[in-house]
Amino acid sequence: MAPSDEESYRQLISSDGFATTDVAELLRRLGCLIDLSEQLKHPEGIDRALTVGTDLSKQPLRSAQSALLHYFSANAWSHRWQLKGGDHASWEQRELEREILELRLAAGLAETLPKIRRCQIFTNLGNALSRVGRFIEAIQSYDRALAIDSEFGMAVGNRAIELTWYARLAPQRHDRIVLFQESYAELQRVRLLKMEGHARTAFVEHQLMVERLVPSEVLQRRHDLGKGKLGRSREERTYRQWSLKHRLFLHPVNDIGPFPSAATDPISLSGVRTPLDKGPNLLGLFNQLKQEFVSARYMLFASTQRNGVHFADRGVLLTDTLDYPSYSFATEQLKASFRIAYSLLDKIGFFLNDYLALGIGERNVTFRTLWYTEKKALRLGLQSLQNFPLRALFWLAKDLDEKDSSGLAAALEPDARQLAHIRNHLEHKYLKLHLPDWQGPPPDNAFARLLTDTLALSMGRNDFSAKAIRLLQLARAALVYLACAVRVHEGQKAKHDPEKVAIMELPTCEDRWKH
């Protein structure tokens with residue numbers, strides 16, 4: 001007779017439950033203990049699993065084993081969060097921090113796992129990001145699962161739900177309709193796919209909710225997202241296609257896919273209430289943030305497209321240091337795009353400090369730390385703000401690692417410290433990029449040391465370009481969250497302060513005025 005779940009649980013949690021040196025068997029038992037602890041609502045089993053996982057991480061593991069260990073650890077942290085009540089309201093969530101970090105570590109090694117497990121990792125990561133309000137990154141994670149298996153039901157259904165929340169927050173009405181339409185179509189499709197447990201019922205209920213929010217004739221009349229102008233010249237068309245591919249347009253439809261109709265940047269601030277003596281300061285600042293972003297986007301694109309020598313590089317005498325150095329105007333464009341993208345995040349912090357009247361001295365505002373007092377406690381008033389996209393910004397800030405953020409929890413992005421290290425060298429020291437023929441740092445021997453640039457932080461240009469794209473995507477998400485957060489906050493202010501205000505409509509800047 002097979003043991004009951006309770007008996008199996010007791011065997012695993014006993015002192016000899018993990019008395020084996022076989023790593024594969026240890027991982028199997030660990031996964032069983034985590035699942036049984038969740039089913040039986042036994043938090044002590046989760047604690048035991050996390051201890052076993054920590055001990056196992058100290059052993060030499062193959063990539064697939066490390067990926068599986070991170071995945072199981074993430075499940076344990078998720079179950080611990082659920083067993084504590086699954087608090088969706090609190091801004092600080094230690095269990096969710098650890099779950100996101102473990103899933104990202106698993107995702108980095110996911111290529112070594114079977115397809116079904118990879119889909120589970122990316123879907124679970126999307127779910128965790130959704131819980132903290134980061135709907136843009138959640139959708140991206142679901143799309144990574146669907147790139148592996150387009151009919152992975154849990155990713156299809158959860159992506160549809162995320163598009164619904166996005167639709168309710170997007171600043172422009174047209175974009176909200178398109179997002180609702182996409183969500184509704186996917187909710188209809190997911191009913192035909194395989195999925196876990198009672199998920200099908202949840203997706204049906206969500207579809208009914210969408211039908212209550214949006215008239216059926218609107219949901220059924222899908223927009224043709226393939227329509228849209230990509231430009232007059234070949235270069236402009238290539239630029240817009242590249243930007244769509246990397247989801248770099250400030251347009252919610254670009255989060256659905258690389259559709260031509262999304263090849264513009266319409267995101268803007270909804271009406272902002274300000275005292276009569278203050279002026280349109282925040283509108284001007286948001287304009288500047290957008291302009292810097294789109295300029296960085298084009299510089300990054302241009303740096304990857306350059307063929308031949310730019311005329312600005314002709315006649316510039318440089319020394320070949322024999323390590324395949326990358327010196328060119330295009331290389332400096334690439335570096336500049338990284339610097340602008342990183343600085344945009346601090347400028348968003350500058351915006352929030354003024355908008356929310358946080359009272360932080362201008363010299364002390366950073367995007368990573370503005371949420372906390374000098375004693376590293378969450379600022380009073382933030383916790384009570386029912387503003388989902390603002391909380392998304394708070395959690396996005398946790399992806400960064402900065403020199404003045406000591407005392408805060410470690411960053412949730414595995415390479416956050418390296419990104420900060422790169423920025424520091426770009427701004428204050430010496431970052432050296434190398435052409436693809438560069439094989440990395442030379443071996444440690446006397447001859448190699450003669451050619452090693454000990455002042456530089458050296459990186460392959462392609463690797464740096466990938467990091468610049470990722471950073472620009474992060475800045476883009478932050479700008480969208482900021483616009484959505486302002487819309488929510490202004491709506492709340494109008495509701496709680498119905499006093500009449502004078503409305504002043506400002507014109508938009510025509511393209512022909514931009515010189």
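These numbers come from a predicted model, not from an experiment. The residues of the chain are indexed from 1 along the displayed sequence.
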Please state whether the rings of Phe351 and Phe286 are parallel, tilted or perpendicular, taking 30° and 60° as the class boundaries.
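Perpendicular, since the angle between the ring planes exceeds 60°.
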Which word best sums up how the rings of Phe338 and Tyr342 line up, parallel for under 30°, tilted for 30 to 60°, or perpendicular for over 60°?
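Plane angle between 30° and 60°, so tilted.
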In this structure, are over 12 heavy atoms from other groups packed under 6.0 Å from [X] atom [atom1]?
{"X": "Arg10", "atom1": "CZ", "value": "yes"}
{"X": "Arg80", "atom1": "CZ", "value": "yes"}
{"X": "His198", "atom1": "NE2", "value": "no"}
{"X": "Arg222", "atom1": "CZ", "value": "yes"}
{"X": "Glu44", "atom1": "CD", "value": "yes"}

At their closest point, which heavy atom of [X] faces which heavy atom of [Y], and how far apart are they?
{"X": "Leu431", "Y": "Lys335", "result": "O-NZ, 3.1 Å"}
{"X": "Leu179", "Y": "Ala170", "result": "CD1-CB, 4.2 Å"}
{"X": "Phe249", "Y": "Ser243", "result": "CE1-CB, 3.4 Å"}
{"X": "Ala160", "Y": "Ser183", "result": "O-OG, 2.7 Å"}
{"X": "Gly45", "Y": "Tyr9", "result": "N-OH, 3.2 Å"}
{"X": "Leu101", "Y": "Pro414", "result": "CD1-CG, 4.2 Å"}

Strictly below 4.0 Å, N to O, side chains only: are [X] and [Y] in salt-bridge contact?
{"X": "Arg189", "Y": "Glu151", "answer": "no"}
{"X": "Arg159", "Y": "Asp255", "answer": "no"}
{"X": "Asp87", "Y": "Arg131", "answer": "no"}
{"X": "Asp265", "Y": "Arg297", "answer": "yes"}

Between [X] and [Y] (side chain of the first, backbone of the second, donor and acceptor by atom type, cut-off under 3.5 Å), is there such a pair?
{"X": "Asn254", "Y": "Leu248", "result": "yes"}
{"X": "Glu95", "Y": "Ala76", "result": "no"}
{"X": "Tyr71", "Y": "Ser66", "result": "no"}
{"X": "Arg391", "Y": "Ser90", "result": "yes"}
{"X": "Trp91", "Y": "Ser384", "result": "no"}
{"X": "Asn387", "Y": "Ala485", "result": "yes"}
{"X": "Thr54", "Y": "Leu50", "result": "yes"}
{"X": "His42", "Y": "Glu38", "result": "no"}
{"X": "Thr123", "Y": "Cys119", "result": "yes"}

[X] vs [Y] side-chain heavy atoms within contact, under 4.5 Å:
{"X": "Arg144", "Y": "Ile148", "result": "no"}
{"X": "Leu33", "Y": "Ile46", "result": "no"}
{"X": "Ser78", "Y": "Leu96", "result": "no"}
{"X": "Ile256", "Y": "Arg247", "result": "no"}
{"X": "Met195", "Y": "Phe152", "result": "no"}
{"X": "Val218", "Y": "Phe180", "result": "no"}
{"X": "Pro252", "Y": "Val480", "result": "no"}
{"X": "Phe367", "Y": "Leu344", "result": "no"}

Verify whether one side chain among [X] and [Y] offers a donor that lies under 3.5 Å from an acceptor in the other.
{"X": "Thr201", "Y": "Glu205", "answer": "no"}
{"X": "Tyr166", "Y": "Glu182", "answer": "no"}
{"X": "Lys467", "Y": "Gln418", "answer": "yes"}
{"X": "Glu292", "Y": "Ser343", "answer": "no"}
{"X": "Thr366", "Y": "Thr369", "answer": "yes"}
{"X": "Ser37", "Y": "His79", "answer": "no"}
{"X": "Arg476", "Y": "Gln473", "answer": "no"}
{"X": "Glu102", "Y": "Trp77", "answer": "no"}

In Å and rounded to the nearest 0.5 Å, what is the [atom1] to [atom2] distance from [X] to [Y]?
{"X": "Leu56", "Y": "Arg29", "atom1": "CG", "atom2": "CZ", "result": "12.5 Å"}
{"X": "Leu426", "Y": "Leu457", "atom1": "CG", "atom2": "CG", "result": "8.5 Å"}
{"X": "Ile34", "Y": "Ser73", "atom1": "CD1", "atom2": "OG", "result": "6.5 Å"}
{"X": "Ile340", "Y": "Leu345", "atom1": "CD1", "atom2": "CG", "result": "12.5 Å"}
{"X": "Leu385", "Y": "Phe394", "atom1": "CG", "atom2": "CZ", "result": "12.0 Å"}
{"X": "Arg98", "Y": "Leu412", "atom1": "CZ", "atom2": "CG", "result": "10.0 Å"}

Determine, using ring centers only, whether Phe135 and Trp165 are less than 6.0 Å apart.
no
Taking the ring of Tyr355 and the ring of His489, is the distance between their centroids below 6.0 Å?
yes
Looking at Arg423, Arg368, Arg363, which one forms a salt bridge (Lys or Arg N to Asp or Glu O under 4.0 Å) with Asp346?
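Exactly one candidate clears the test, Arg423.
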The single option from Glu97, Glu137, Glu413 passing salt bridge (Lys or Arg N to Asp or Glu O under 4.0 Å) against Lys398
Glu97
Candidate pair Ile177 and Val214, rule side-chain contact (heavy atoms from CB on, under 4.5 Å), full reasoning:
CA-CA 8 Å; Ile177 291 174; Val214 184; 6.0 Å; no
Can Ser295 and Gln291 be said to form a side-chain contact (heavy atoms from CB on, under 4.5 Å), step by step?
CA-CA 6 Å; Ser295 299; Gln291 186 60 59; 3.3 Å; yes
Determine whether Asn364 and Leu370 satisfy the following criterion, side-chain contact (heavy atoms from CB on, under 4.5 Å), listing intermediate values before the conclusion.
CA-CA 8 Å; Asn364 298 321; Leu370 73 92; over 6 Å; no
With side-chain hydrogen bond (donor to acceptor under 3.5 Å, both in side chains) as the criterion, how do Gln181 and His223 come out once you've worked through the C-alpha distance, each side chain's angles and the decisive distance to 0.1 Å?
CA-CA 8 Å; Gln181 290 172 339; His223 285 75; 2.9 Å; yes
Testing Asn158, Leu125, Val156 for side-chain contact (heavy atoms from CB on, under 4.5 Å) with Tyr142, which one passes?
Asn158
